[in-house]
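Reading through the structure tokens given below for one structure.
All values derive from a computational prediction rather than experimental measurement. Proteins get letters first, then strands, A, B, ... in listed order; numbering begins at 1 in each.
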Amino acid sequence: MSEMLIKNATVYDPINGVNGDLMDIAVKDGKIVDSASGSAQVIDAGGRLVYPGGVDAHTHIAGSKVNVGRIMRPEDSRLGLKPKTKLTRPYTGYTVPNVYAMGYRYAEMGYTTAFEAAIPILKARHTHEEFEEIPIIDKGGLTLFGSNWMVMDAIRENDQERLAAYVAWGLLASRGWGVKVVNPGGGEAWGFGKNVSGLDDPVPNFEVTPRQIIRNLAEVNEKMDLPHSIHLHCNNLGKPGNYETTLASFDICKDIKSKRDRQSLHVTHVQFNAWGGNHWGDFESKSEPIADYLNQNDFLTIDMGQLVFGSATTMTADGPVQYANARLLKARWSNGDVELEDASGVTPLEYHPQSYIHGIMWAIGLELALLTKDPWQVLMTTDHPNGGPYVNYPMVMTMLMSQKRREQEMSKIAEKTFDRTCIAGIDRELDWYDIAIKTRAAHAKVLGIVEHGKGHLGVGADADIAIYDIKPDETDATVEFDKVEAAFRRSAYTIKAGEVVARDGEITAVPMGRTYWVKTKVDNGGYDRMMDDLKMKFKNYYSVNMANYMVQDEYVERPYVVETEYK
Amino acid sequence: MIIKDVLCPFCGCLCDDLAVEVEDNKVVDVKHACKIGASKIKGHDRIKAPMMRDDKNGEFREVSYDEAINESAKILANSKRPLLYGWASGVCEMMKKGVLLNEEVGGIIDNTASVCHGPSALGVHEKGLPTGTLGQFSNRADVVVFWGCNPVQAHPRHMSRYSVFAKGFFANKGRRSRKVVVFDVRKTDTANLADDYIQVNPGEDYMVLSALRAIVADKADVVPETVGGVPKEKLVEVAEVMKGAKFGIVYFGMGLTQSRGKYKNIDNAVSLITELNAHGKHSIIPMRGHYNVTGFGQVCAWETGFVNAVDMSRGIPYYNPGETCSNDLLMREEIDAAFVIAGDAGAHFPAQSIARMGKVPVIQVDPFHNPTTEMANIVIPTKVSGVELEGTAYRMDAVSLRMRKLVDVDFPSDEEVLDKIIAKVREIKGASS
Amino acid sequence: MELKATFISGRTVDQGCNLENKTSKAYFDAAGYCEMNSADAGKIGVEPGSNVKVATDFGSVVVPLKICEGNPDGLIFIPMGPWANAVVDPNTCGCGMPGFKGIPAVVESSSEDAPTMPQLMARLK
Amino acid sequence: MQTITLVPIEQFNISIEGETISPDNFAGKSADEIGALVAYEGNFPRLLSELFDIKVDGNADAADDVKIEINGNVPRVKRIGEGMTGGRILINGDVDMRCGAKMKGGIITINGNADSWVGQEMRGGEINVQGNAAFYVGAGYRGEPCGMRGGKITVFGNANDFVGEHMCGGEIVIKGNAGIMPGLSNKGGKIVIEGNTTMPGSEMTKGTIIVKGEVEDMMPVYQREGIEAVDGVEFTKYVGDVVVDGKGELLVK
């Protein structure tokens with residue numbers, strides 16, 4: 001393969017502590033190397049900003065929910081159109097792009113890796129079918145375990161070995177990267193139109209509590225030595241006053257230590273879970289107690305779930321919250337229960353700056369990121385497309401970097417927002433290094449893919465590199481935010497595995513990325529007990545045969561498999 | 001040799017528990033399948049070789065695959081408005097190639113849902129679709145409604161595997177766990193198995209649905225004494241049954257999609273279900289026909305953003321049933337070539353539409369001689385997916401499964417034929433641009 | 001005698017079994033007939049197995065009669081397929097779907113032979 | 001004032017996508033410049049000069065001063081006047097789908113029949129159809145919450161199904177009969193049907209529908225609220241649709 005030398009790069013590589021150094025980066029065979037030979041293709045960065053390729057640790061890019069959104073929203077698919085070319089397929093969609101736009105647009109912004117945040121095992125084959133069609137970026141997915149009968153039965157019977165054996169089997173069956181827990185127990189309760197009200201409310205018919213589900217999965221996750229921690233979407237999402245449940249959920253994992261250099265709990269899109277008040281009338285931000293908790297505890301990371309005004313398509317395995325949303329907003333509602341495993345719902349909505357509810361939600365995301373001192377603890381996401389589509393990341397980045405930019409946005413937002421939030425009083429402005437953390441380095445670290453070459457530019461890392469048309473030395477991001485946003489929207493160069501895939505925001509090559517998944521060996525008595533239970537459930541309760549259930553190798557053509565072992 | 005856990009390549013039930021006995025590369029027995037599935041897997045007379053003719057009333061002559069493929073590519077590459085129809089009786093892998101071919105030729109791709117559950121998608125655009133996987137319904141449903149569908153005839157194992165007789169975790173007494181209600185314009189075999197049959201006047205389902213919504217919302221006072229031929233007291237009684245369900249499921253068919261109001265019936269039914277969720281848990285699901293017609297909608301949606309009827313003439317996808325479905329175009333005599341694959345337009349389009357298709361060159365890719373063959377200029381026989389070819393199919397509830405191969409044959413797959421046509425089209429278009 | 005009726009089409013098991021066997025007599029038997037209740041059959045004086053001519057605004061077709069008591073008075077059924085297609089409404093009402101159900105029709109006794117599938121298709125060329 | 005006359009050279013089977021034919025696009029252009037505009041016949045680009053004899057009289061700086069006259073039938077030319085903000089289009093013949101889609105201002109007069117989606121997602125201006133209109137007069141695009149938001153469409157003949165679907169504002173007058181379900185999910189528009197119609201006003205939340213002829217199949221979800229006179233004629237007033245807690249007014253003779 002070819003060699004490449006990027007000269008005069010102003011590099012921010014937080015994993016390796018590189019903070020704006022002017023340096024050269026050499027690439028060979030798709031990896032970062034010490035030096036390049038004279039025959040290397042030379043790109044003169046001319047002092048421009050160079051980041052590792054962006055990594056998105058929480059996004060909804062593929063699978064049944066996304067497709068439900070596409071099918072429900074033809075009006076969304078007539079946005080963002082771009083005709084086919086000799087190289088690229090047509091682009092469609094804004095909140096729910098087609099598979100091609102999904103990959104191209106990430107690459108155009110300098111992103112090279114994205115992880116789908118919710119895969120029901122029974123529908124994993126579909127997720128992988130879409131993964132196989134999303135060009136350029138590397139992918140992985142998190143498998144849903146939070147309302148799974150196999151999980152709840154093992155927990156109720158205090159059989160953690162069996163639980164571990166099942167989690168391993170479920171990750172294999174779905175070709176998943178990690179353990180996702182959505183509204184634990186709530187998906188099962190939604191099977192009869194109910195929900196669980198909090199951490200100690202037993203799941204109907206299964207008699208385990210959300211607390212037990214979170215605790216057991218977190219413990220098992222560490223015993224299995226998985227690269228990623230459990231990835232939790234808390235109970236009571238979308239309800240005023242839910243921040244208390246969120247804080248209590250944090251506490252469940254407080255004493256769990258990870259052997260790996262990462263958190264032992266990642267809580268996702270916390271914007272939707274940092275809500276105060278008792279109802280919509282006294283709805284308010286509770287970002288401060290959440291940020292305080294993060295400032296005092298390092299076992300925990302979160303992502304923002306930032307809201308972006310305009311059209312969104314909300315999609316989540318949290319079935320009941322979507323019904324509540326749809327009824328409240330008189331919006332279209334699709335529900336997607338998955339037998340024995342989980343629920344899901346999809347509802348389109350519009351975020352209006354003149355709605356103080358939406359204004360407060362907008363503020364909470366930013367507050368979480370700005371009040372939490374350690375930038376590594378809060379990832380920048382919009383929970384695409386729940387808070388808004390990922391194409392708005394550049395705008396969110398400027399909001400984090402510039403108080404002026406925030407003030408500009410605040411001028412459009414309903415007054416009442418500012419009585420219930422503290423965003424107006426925050427003057428913190430993140431720098432280029434912080435942004436590199438929040439958009440790539442910390443994502444890779446949280447996912448556990450740093451050692452697999454992601455999120456940094458050290459020797460041996462994947463040559464996933466973004467060059468932005470901006471000179472950090474000459475640019476004051478706190479003022480020139482429009483210029484910064486424009487640069488982040490269209491990378492000067494996006495390099496994926498050593499190949500230039502986009503130039504000035506236009507796709508130049510369409511290689512296919514890899515799919516990351518984890519294979520865990522669970523060699524204990526639990527495996528046989530698990531298989532007995534599983535066979536019984538397939539025989540009696542599943543509508544498909546066990547022999548047809550697991551994702552076959554044909555659906556993961558370019559796998560990157562990490563093996564671990566249960567101890 | 002007995003091959004187990006075989007998927008059935010017939011209807012949207014996509015049963016995956018068949019056992020097929022194969023001897024000397026021939027299917028000799030099919031177990032667990034319904035009459036239709038067994039008939040399909042055992043097979044029928046095939047088109048033996050590619051064929052062409054210039055005059056539709058003339059005789060076919062056998063040609064090579066290359067000749068048939070090249071001639072097909074030439075027709076498609078030189079068309080201003082080709083229609084690429086069918087796609088339901090194949091695997092997803094070939095559907096992706098179909099979407100690509102449509103991009104290359106700037107045509108319209110439309111699948112058999114166009115004359116089946118196309119209106120259901122239009123209903124989903126209006127209101128969404130509260131649904132779930134079939135196992136969710138077999139485990140839980142205590143009230144089962146069939147509206148304008150007749151699974152006894154069209155989905156023979158549906159009742160035993162998923163809906164009526166199936167035992168589930170909560171519905172552990174099978175049939176005795178559930179109340180079964182049928183809405184239809186005639187007393188079908190399915191209605192004969194129901195606890196309650198409600199006869200609706202043809203074309204009046206929409207009003208009956210609205211009346212039920214009013215009753216469920218405690219606004220029965222505005223509802224007149226009879227709606228759609230159904231006495232109000234009967235509607236109140238059924239509404240109470242539905243409202244009282246712990247888990248209610250509505251299965252609907254072409255009795256709703258093809259009768260007056262079409263997609264508006266689905267729209268209204270979805271709203272009824274959404275509103276019922278304020279009381280118990282309720283879901284609704286279309287009874288899809290072909291085993292992978294659902295798969296086409298999935299593939300087309302993720303590739304183009306639209307579920308079906310995608311017009312690529314301008315290089316970007318455009319979708320608008322009423323304008324871009326097969327019969328819209330045929331009735332306007334807009335198309336100048338037809339490519340029919342894995343679906344039989346000839347047997348399932350109105351006579352006038354077919355007559356208009358008959359005026360343009362027709363290319364057929366199919367294992368079997370059927371009414372489309374009668375209208376075709378070029379016929380290219382291929383493998384039977386799910387019997388002679390592996391690949392992905394989506395069950396009616398959008399659960400995807402991998403079809404198995406049971407026997408080996410020398411025919412090319414649909415995907416191989418499409419690949420060659422695409423390559424040839426590119427060659428022709430490249431040369432002319 | 002004429003019967004004014006509402007026509008619908010739909011699936012049946014036998015029509016399904018012969019979907020890949022459409023040149024056969026079995027397919028004709030499965031899809032080439034018209035169903036009504038015996039009272040309606042009596043009104044037009046046709047015995048089961050004898051032919052009726054079904055006509056709508058969009059065309060007409062001759063097929064044998066079958067009795068199905070599940071059909072209410074005035075409702076006739078032809079399985080989906082070429083015979084039904086001869087009388088369905090090709091207009092798509094702005095949403096892509098032709099009218100396969102709920103079409104006003106007139107049924108009467110016929111001494112003509114029912115067409116085979118190729119004969120039906122030949123009419124359309 | 002600039003007057004552009006287009007005379008179709010041939011009749012086509014395949015629809016031409018004619019969104020370039022609008023006062024905004026033509027303003028100030030010469031016949032040659034207009035002739036060089038592209039319209040697609042299916043996937044095949046055609047020049048307007050291949051499709052029409054083009055004559056230009058006078059000149060204009062803005063759409064408001066432009067009049068386009070199409071002399072002849074164009075039942076296979078779609079999207080004429082799409083998005084126009086002013087000026088006039090006179091079509092002396094039939095016209096294809098989506099005529100006047102997303103129109104914001106100006107006047108389109110069709111001295112013939114209009115195919116489906118005339119005035120789709122219209123925001124303002126006026127469309128007059130002297131003949132019949134097909135489906136979805138003044139309706140929206142699939143999945144959009146709103147169809148027509150403003151302006152006025154008058155159909156002097158009959159209209160087919162789904163008149164004013166998802167209408168959020170503006171006015172539609174059908175002098176003849178309308179097909180099924182006019183004013184479906186009306187959210188604030190006014191629809192007057194002087195002839196007969198079927199199942200009007202389902203899911204209407206706001207706005208008004210007046211039917212001066214017969215209603216076949218009245219929706220069973222309306223509250224009867226006495227008599228109301230419009231222009232001296234008495235109508236029975238219904239309010240609904242109750243299933244959406246609607247406050248729409250349906251006046252039926």
Side-chain angles (χ1 to χ4, degrees), chain A residues 62 64 66-68 70-78 81-84 89-93 96-101 122-123 125-126 129-130 133 149 190-194 205 323 326-327 331-340 343 346-347 540-545 547-548 552 554-555, chain B residues 4-5 7 16-17 92 96 100 103 121 124-136 138-140 161-162 166-170 246-247 274 277-283 297-299 301-307 312 314-319 390 392 394-395 397-402:
Chain A
S64 55
V66 183
N67 232 20
V68 164
R70 294 182 186 114
I71 292 170
M72 184 162 58
R73 300 200 66 184
E75 82 285 10
D76 188 81
S77 296
R78 66 175 182 158
L81 296 169
K82 206 167 163 185
K84 75 181 276 277
R89 306 282 298 264
Y91 295 53
T92 63
V96 278
N98 64 342
V99 284
Y100 306 110
L122 180 58
K123 295 199 163 182
R125 192 173 290 97
H126 178 165
E129 277 214 280
E130 289 194 32
E133 298 280 303
W149 291 8
W190 182 239
F192 281 117
K194 306 278 194 299
N205 304 304
Y323 184 62
R327 297 306 282 163
R332 283 170 274 179
W333 175 54
S334 286
N335 183 64
D337 290 359
V338 181
E339 61 201 63
L340 285 83
V346 183
T347 287
N540 295 324
Y541 308 129
Y542 268 107
S543 64
V544 303
N545 276 4
N548 292 319
Q552 292 88 348
E554 285 87 345
Y555 297 92
Chain B
K4 287 186 180 169
D5 304 305
L7 279 80
D16 73 330
D17 62 341
C92 293
K96 293 174 199 169
L100 178 59
E103 283 175 21
V124 172
H125 305 334
E126 299 286 333
K127 297 286 173 58
L129 190 74
T131 190
T133 63
L134 292 168
Q136 185 79 342
S138 58
N139 279 312
R140 294 177 201 260
R161 273 179 68 81
Y162 310 120
K167 285 184 185 164
F169 185 83
F170 299 102
K246 278 187 79 184
F247 193 112
T274 301
N277 271 283
H279 303 280
K281 185 64 180 290
H282 292 267
S283 288
Q298 296 290 332
V299 170
W302 78 55
E303 304 255 320
T304 72
F306 302 106
V307 68
M312 275 298 296
R314 303 290 295 269
I316 48 172
Y318 175 73
Y319 161 83
E390 276 188 73
T392 317
Y394 283 70
R395 201 166 68 178
D397 56 354
V399 167
S400 71
L401 294 166
R402 188 162 183 82

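The two residues B:E303 and A:R89 come nearest to each other via the heavy atoms OE1-NH2, 3.3 Å.
There is no contact between A:K194 and chain B, counting heavy-atom distances below 4.5 Å. Both the backbone and the side chain of B:F169 come within contact range of chain A, judged by heavy atoms closer than 4.5 Å. Both the backbone and the side chain of B:K246 come within contact range of chain A, judged by heavy atoms closer than 4.5 Å. For A:N548, the parts lying near chain B are the backbone and the side chain together; criterion is any non-hydrogen pair under 4.5 Å. With a threshold of 4.5 angstrom between heavy atoms, B:E390 approaches chain A through side-chain atoms but not through N, CA, C or O. Using a 4.5 Å cut-off between heavy atoms, A:W190 touches chain B through backbone and side chain atoms alike. Heavy atoms of A:E554 lying under 4.5 Å from chain B belong exclusively to its side chain. Contact of A:Y541 with chain B is made through backbone and side chain together, with heavy-atom distances under 4.5 Å. Contacts between B:R140 and chain A at a heavy-atom distance below 4.5 Å involve backbone atoms as well as side-chain atoms. For A:K84, the parts lying near chain B are the backbone and the side chain together; criterion is any non-hydrogen pair under 4.5 Å. For chain B, the nearby part of A:N205 is the side chain; its heavy atoms alone come within less than 4.5 Å. Using a 4.5 Å cut-off between heavy atoms, B:A166 does not touch chain A at all.
Contact tally against chain B (heavy-atom pairs below 4.5 Å) for A:N545, A:V66, A:V99: the top residue is A:N545. Highest contact tally toward chain B, considering only A:A101, A:P90, A:A62, A:G191, is held by A:G191 [criterion: heavy-atom pairs under 4.5 Å]. Most heavy-atom pairs under 4.5 Å with chain A, from the set B:T131, B:I316, B:D397: that is B:T131. The residue among B:K281, B:M312, B:K4 with the most heavy atom pairs within less than 4.5 Å of chain A is B:K281. Put simply, of B:T304, B:D16, B:D5, the one with the most heavy-atom pairs under 4.5 Å next to chain A is B:D16. The residue among B:G168, B:G132, B:G280, B:G128 with the most heavy atom pairs within less than 4.5 Å of chain A is B:G128. Interface summary for chain A: among B:V399, B:L100, B:L134, the most heavy-atom pairs under 4.5 angstrom belong to B:L100. Note on A:P97, A:S334, A:G193: by heavy-atom pairs under 4.5 Å with chain B, the leading option is A:S334. When each of B:D17, B:V124, B:V307, B:N277 is checked for heavy-atom pairs under 4.5 Å with chain A, B:N277 comes out on top. For the set A:A343, A:G93, A:G336, A:A331, the count of heavy-atom pairs under 4.5 angstrom toward chain B peaks at A:G336.
Side-chain contact check for A:Y555 and B:T392: at least one donor-acceptor pair (N or O, by modelled atom type) lies under 3.5 Å. Between A:Y100 and A:E133, the side chains place a donor N or O and an acceptor N or O closer than 3.5 Å (distance only, hydrogens not considered). Of the N and O atoms on the side chains of B:Q298 and A:N67, at least one donor lies less than 3.5 Å from an acceptor on the other residue. Judged by distance alone, the side chains of B:Q136 and B:Y162 never bring a donor and an acceptor atom under 3.5 Å apart. A side-chain donor-acceptor contact under 3.5 Å links B:R395 and A:S543.
Residue A:K123 holds its NZ atom at 4.5 Å from OG of A:S64, rounded to the nearest 0.5 Å. Note that the CH2 atom of A:W333 and the OG1 atom of B:T274 stand 5.5 Å from one another [nearest 0.5 Å].
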Chi angles and distances behind the side chain to side chain contact (heavy atoms under 4.5 Å, CB included) call for B:W302, A:N98: CA-CA 5 Å; B:W302 78 55; A:N98 64 342; over 6 Å; no
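For B:Y318 and B:F306, the ring centers are positioned 6.0 Å apart or more.
The shortest side-chain heavy-atom distance between A:T347 and A:R332 does not fall under the 4.5 Å cut-off.
In terms of modelled atom types and a separation under 3.5 Å, the side chain of B:H125 and the main chain of A:I71 share a donor-acceptor contact. Side-chain atoms of A:R125 come within 3.5 Å of backbone atoms of B:S400 as a donor-acceptor pair (strictly under, hydrogens ignored).
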